[in-house]
2 protein chains.
Amino acid sequence: MSSEKTDTRTKILEATRKLMMENIGSGVKMIDIAGEAGVSRQALYLHFDSRSELLIAATKHLDEKLGVSERYSVVDDTNSGIDRLDALVEFWGNYLPHIHGIAKALYSSRESDEAAAAAWKDRMDVVKRECRNAIIGLKKDGLLRSEWSQKDATEFLWAMLSFPNWELLRFESGWSVKKYVSRTQVAAKQTFVKEGC
Amino acid sequence: MSSEKTDTRTKILEATRKLMMENIGSGVKMIDIAGEAGVSRQALYLHFDSRSELLIAATKHLDEKLGVSERYSVVDDTNSGIDRLDALVEFWGNYLPHIHGIAKALYSSRESDEAAAAAWKDRMDVVKRECRNAIIGLKKDGLLRSEWSQKDATEFLWAMLSFPNWELLRFESGWSVKKYVSRTQVAAKQTFVKEGC
DNA sequence: GATTTACTTTACACGGTGTCAATTGACACT
DNA sequence: AGTGTCAATTGACACCGTGTAAAGTAAATC
């Protein structure tokens with residue numbers, strides 16, 4: 001049982017990640033991935049049933065590589081609702097660039113592929129849960145604005161943090177990651193947090 | 001010069017609109033459109049160079065049919081910045097359902113097609129301009145929060161009103177149009193408008 | 001030495017877009 | 001009637017990318 005984690009499957013996943021990040025998800029073909037991995041196109045189908053299966057596997061692989069759960073602890077280690085909200089936005093804003101390409105590919109495939117749609121939904125549900133936790137934190141502190149129900153606030157925050165929204169600000173409007181984080185933090189607080197007089 | 005506006009081109013555009021709205025943009029093929037228009041698939045290419053050309057033309061055609069510019073006057077007829085912001089959100093929230101299918105198709109094609117991307121950008125620039133006007137209105141009234149520059153506020157508002165954002169709230173979270181409008185109005189005002197003590 | 005495992009090579013089916021050439025039918029002009 | 005032309009039809013085909021299938025090869029394992 002050697003530490004041979006450079007097996008073909010891993011090489012394919014790495015190639016997928018690399019190409020997806022370089023080309024920001026769009027137009028990456030199976031044959032390109034095979035080429036990058038130094039393997040035949042058919043070998044891809046020995047390891048993954050379909051393009052979207054590969055995409056999904058690559059997403060998981062990337063998460064593991066990045067150590068998402070550890071990174072996420074900064075959000076869970078907060079004390080107040082406001083801190084949690086800030087930490088969530090900061091985590092998310094800094095995390096998205098690392099998964100941009102592969103996320104975009106998954107997001108696009110979603111339309112035409114049920115498996116991709118399900119995988120995307122899974123990921124987004126995780127984010128939504130964290131939005132809910134942040135809003136619950138605010139509510140516990142008595143700081144959630146009276147205009148917002150917990151549910152509505154969760155869903156609206158979730159939309160604010162959505163992938164297309166981030167992409168729009170980041171690339172159409174040319175915002176830096178730092179700017180995205182700080183502006184979104186400000187907006188989220190202004191929207192959801194009660195204002196002291 | 002009879003009022004024969006039921007020429008083939010128009011029939012094709014109408015068929016496109018109908019199918020796109022029914023199937024919410026995805027999976028509508030050229031052959032389906034041809035069938036719906038009662039015309040051969042090849043006839044489509046006599047009138048439009050490509051699928052995305054057809055999409056773009058259908059978008060314009062739909063705008064004319066809906067009389068967008070007239071409908072929009074309600075926004076321009078406002079006096080205060082806040083009213084303008086509210087009116088913009090309301091207009092947009094009620095307008096999007098009418099163009100949902102065709103907008104989605106255009107939005108999706110955007111990834112792989114330059115012409116579609118340009119057409120989409122055109123439309124979005126119009127929205128952005130209106131966001132800018134609303135923010136300028138606020139600023140003139142001295143009500144734009146000091147945390148926001150005019151540019152940043154414009155871009156963030158634009159993102160709040162983006163198509164994917166609307167789609168997310170409307171269909172993933174199941175919000176009604178009315179709810180989308182009222183919640184977005186609230187959020188936009190809380191985010192951008194100075195709060196009286 | 002035989003079998004198994006992982007991968008390669010070649011070939012092909014399928015679906016959807018876009019192209020091309022030959023044909024038809026209706027209308028207009030003289 | 002004859003000619004031209006315009007709009008649309010028919011049928012065939014090329015191109016691309018995904019996914020399938022079958023036969024072959026080379027190294028590892030028993």
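Keep in mind that this is a model prediction, so the values were computed, not measured. Numbered from 1 within each chain, the chains take letters A, B, ... in sequence-line order.
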Nearest-nucleotide pick for [X], side chain only, options being [options]:
X: A/S50; options: D/dT9, C/dT19, D/dG19; result: D/dG19
X: B/R41; options: C/dG16, D/dT18, C/dG18; result: C/dG18
X: B/A43; options: D/dT9, D/dT18, C/dT19; result: D/dT9
X: B/M30; options: D/dT9, D/dG19, C/dT17; result: C/dT17
X: A/Y45; options: D/dT9, D/dG17, D/dG19; result: D/dG19
X: A/R51; options: D/dT10, C/dT8, D/dG19; result: D/dG19

How close or far is atom [atom2] of [N] from atom [atom1] of [X], stated in whole angstroms?
X: B/D113; N: C/dG16; atom1: CG; atom2: P; result: 18 Å
X: A/I31; N: D/dT18; atom1: CD1; atom2: P; result: 9 Å
X: A/L54; N: D/dG17; atom1: CG; atom2: P; result: 17 Å
X: A/R9; N: C/dT5; atom1: CZ; atom2: C1'; result: 17 Å
X: B/L46; N: D/dT10; atom1: CG; atom2: C1'; result: 13 Å
X: A/E53; N: D/dG19; atom1: CD; atom2: C1'; result: 13 Å
X: B/D32; N: C/dG16; atom1: CG; atom2: C1'; result: 11 Å

Tell me, please, whether A/W158 has A/R132 positioned over its six-membered ring: NZ or CZ under 6.0 Å from the ring centre and within 45 degrees of its axis?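 Here A/R132 fails the 6.0 Å and 45° test against A/W158.
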
Please report the shortest heavy-atom distance between A/Y45 and A/S50, naming the atom on each side.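 Closest heavy-atom pair between A/Y45 and A/S50: CE2-CA, 4.4 Å.
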
Without swapping roles, check the side chain of B/D113 against the backbone of B/A116 for a donor-acceptor pair under 3.5 Å.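 At least one qualifying donor-acceptor pair exists.
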
Under 3.5 Å, is there a donor-acceptor pair between the B/N165 and B/Y180 side chains?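 Result is no, nothing qualifies.
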
Got a donor-acceptor pair under 3.5 Å from the side chain of B/Q42 to the base of C/dT19?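 Pair found.
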
